[in-house]
Amino acid sequence: MVTVRAESLDLSLRELLFLLDRGVRAVQADHGLAIDGIVGPRTRAALDALLREPVGLPRGKGMFVRSIKHVGSIEAMLARVAQTGLRWLAFQGIWQYADKKSSRWTGFIGHARALRAAGHACWVWGFPWPGREAEFVEVLLASATSCGASGVLVDAEAPYLDAPEAAPRLMAALLPAARAAGLAVGFTSYGAPWNFPRFPWAAFTGVDFAVPQIYDIDNNQGSGYPQRSIAAYRELGFSRVIPACPTFGKTAAQLTALHAAIAPPDGAAVWWDWYNSTQKPFTWNHVRDFELP
């Protein structure tokens with residue numbers, strides 16, 4: 001008998017082939033293919049796509065956290081995560097300014113570790129300022145490695161509109177350091193990139209995923225706005241897109257309409273943010289009821 005060791009399990013060749021057949025059939029079912037266990041061209045393409053997909057990227061529903069004081073105790077955080085079906089949280093690690101000392105946060109480390117221990121993922125995000133790249137990278141990566149985060153998120157917005165050299169400099173410092181630390185890198189910014197032609201979008205396309213902020217604060221972008229935003233990010237060169245929905249500036253009816261217009265293409269969505277959800281508690285129910293397609 002041929003035996004294959006997988007972690008602590010001994011599997012016979014027959015058992016291994018059975019599991020492989022089940023896996024192939026599951027992939028076929030997920031992709032709407034004929035469920036016959038035969039690896040033809042279309043099944044091979046689906047398997048290849050799965051193997052190419054980066055490991056450890058956000059999955060399911062997530063939420064941004066600006067300050068741990070908004071979350072409360074670890075127990076309260078875990079209870080809310082369970083109640084709403086959240087699978088990952090992104091904690092703020094640093095916010096930089098042009099002319100004053102950066103704000104740094106480390107109080108979330110214990111919460112992030114507890115989140116991971118409960119089987120969820122955590123990320124660390126920061127708001128960078130041109131000319132302060134070294135500090136940004138150092139603080140962000142130190143925070144992420146301290147809590148065992150899956151990766152980091154760069155929230156680059158207005159400061160980079162008139163600083164075309166700064167964005168490539170930031171990413172040249174961040175990406176190699178994050179890769180060396182085993183961390184994935186995400187990027188979040190304006191939801192309507194067509195309104196910001198002077199923003200250096202190309203400098204950020206080397207990240208693992210992008211998060212367009214489809215907040216539509218004035219509720220004037222129309223029901224198709226989320227999909228137009230996602231499509232625009234793909235056209236810019238971002239291969240994986242995770243829309244960021246608002247938890248502010250919306251009535252219950254508007255939030256329902258927005259969620260109905262979203263069809264996240266890559267198995268994940270995120271909300272901004274925990275604090276605003278506590279200000280309008282009805283938003284928790286909308287996050288809970290949102291189902292990824």
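In this text the structure is predicted, and so the values were computed from the model without any measurement. When reading the values below, keep in mind they use all heavy atoms of this one structure, side chains included, and skip hydrogens, waters and symmetry mates.
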Aromatic plane relationship, Trp95 with Phe127 - under 30° parallel, 30 to 60° tilted, over 60° perpendicular: parallel
Shared hydrophobic cluster, Tyr275 / Val287 (ILVMFWY, side-chain heavy atoms < 4.5 Å): no
Whether Ser229 side chain and Tyr225 backbone form a donor-acceptor pair below 3.5 Å: no
Pairwise side-chain contact, Val154 with Leu174, heavy-atom cut-off 4.5 Å (strictly under): yes
Same apolar cluster (I L V M F W Y, side chains within < 4.5 Å links), Leu258/Ile217: yes
From CA spacing to verdict: side-chain contact (heavy atoms from CB on, under 4.5 Å), Leu153, Phe64: CA-CA 10 Å; Leu153 267 161; Phe64 283 97; 3.9 Å; yes
Residue Gln279 excluded, over 12 heavy atoms near CD under 6.0 Å: yes
Exercise: identify the closest heavy-atom pair between Gln221 and Asp216: CG-OD1, 3.2 Å
Spatial distance of atom OG (Ser277) from atom NE2 (His70) [nearest 0.5 Å]: 11.5 Å
Heavy-atom check, side chain of Trp194 versus side chain of Arg228, under 4.5 Å: yes
Test: Asp162 and Arg198 ion pair at under 4.0 Å: yes
Verdict with supporting geometry, Ile68 and Phe91, side-chain contact (heavy atoms from CB on, under 4.5 Å): CA-CA 8 Å; Ile68 207 64; Phe91 297 94; 3.9 Å; yes
Given Val270, Asp266, Ile262, the one that forms side chain to side chain contact (heavy atoms under 4.5 Å, CB included) with Pro243: Ile262
Derivation and outcome, side-chain contact (heavy atoms from CB on, under 4.5 Å), residues Arg66 and Val71: CA-CA 9 Å; Arg66 281 185 283 166; Val71 173; over 6 Å; no
CG on Asp208 to CG on Leu57, rounded to 0.5 Å: 5.5 Å
Euclidean distance, Ser143 OG relative to Arg104 CZ, rounded to 0.5 Å: 8.5 Å
Side-chain heavy-atom pair Thr283, Lys280 within 4.5 angstrom cut-off: yes
Evaluation steps, side-chain contact (heavy atoms from CB on, under 4.5 Å), between Phe108 and Ser67: CA-CA 8 Å; Phe108 63 86; Ser67 172; over 6 Å; no
Pairwise side-chain contact, Thr278 with Trp274, heavy-atom cut-off 4.5 Å (strictly under): yes
Sidechain-backbone polar pair: Asp273 side chain, Asn276 backbone, donor-acceptor under 3.5 Å: yes
Separation between CH2 of Trp123 and CG of Leu140, rounded to the nearest 0.5 Å: 11.0 Å
Trp272 ring center near Trp125 ring center (under 6.0 Å): yes
Gln254 atom CD: more than 12 heavy-atom contacts under 6.0 Å: yes
Side-chain heavy atoms of His111 within contact of Leu78, under 4.5 Å: no
Cation-aromatic face contact Lys100/Tyr97, 6.0 Å, 45 degrees: yes
Nearest heavy-atom neighbours spanning Glu133 and Leu170: CG-CA, 3.6 Å
Parallel, tilted or perpendicular, as decided by the 30° and 60° cut-offs, for the rings of Tyr190 and Phe196: parallel
Closest heavy-atom pair and its distance - Ala177, Val137: CB-CG1, 4.2 Å
Nearest non-hydrogen partners of Val139 and Gly93, listed with the distance: CG1-O, 4.0 Å
Neighbour count above 12 (heavy atom, 6.0 Å) for Arg234 CZ: yes
Donor-acceptor side-chain pairing of Glu135 and Ser102 below 3.5 angstrom: yes
Gap between atom CZ of Arg87 and atom CG of Leu115 - 0.5 Å precision: 12.0 Å
Distance flag, aromatic centroids of Phe187 and Phe238, threshold under 6.0 Å: yes
Pair Phe290 + Trp271: ring centers closer than 6.0 Å: yes
Thr205 side chain to Gly237 backbone, donor-acceptor under 3.5 Å: no
Flag, side chain of Gln96 to backbone of Trp129, donor-acceptor distance under 3.5 Å: yes
Gln213/Thr188 under side-chain hydrogen bond (donor to acceptor under 3.5 Å, both in side chains): CA gap, chis, key distance, verdict: CA-CA 7 Å; Gln213 300 166 6; Thr188 182; 3.1 Å; yes
Heavy-atom side-chain contact between Val211 and Phe209 under 4.5 Å: yes
From CA spacing to verdict: ring pair (Phe, Tyr, Trp, His ring centres under 6.0 Å), Phe199, Phe204: CA-CA 10 Å; Phe199 190 86; Phe204 296 99; 5.8 Å; yes
Ile94 side chain near Arg132 side chain, heavy-atom distance below 4.5 Å: no
Closest approach of Ala163 to Pro130 (non-hydrogen atoms, all atoms of both residues): CB-CG, 4.0 Å
Shortest non-hydrogen contact from Ala167 toward Pro200: CB-CG, 3.6 Å
From Thr256 atom OG1 to Asp289 atom CG, the distance as rounded to the nearest 0.5 Å: 8.5 Å
Val124 side chain near Cys147 side chain, heavy-atom distance below 4.5 Å: yes
Presence of salt bridge, Glu291 and Lys61, under 4.0 angstrom: no
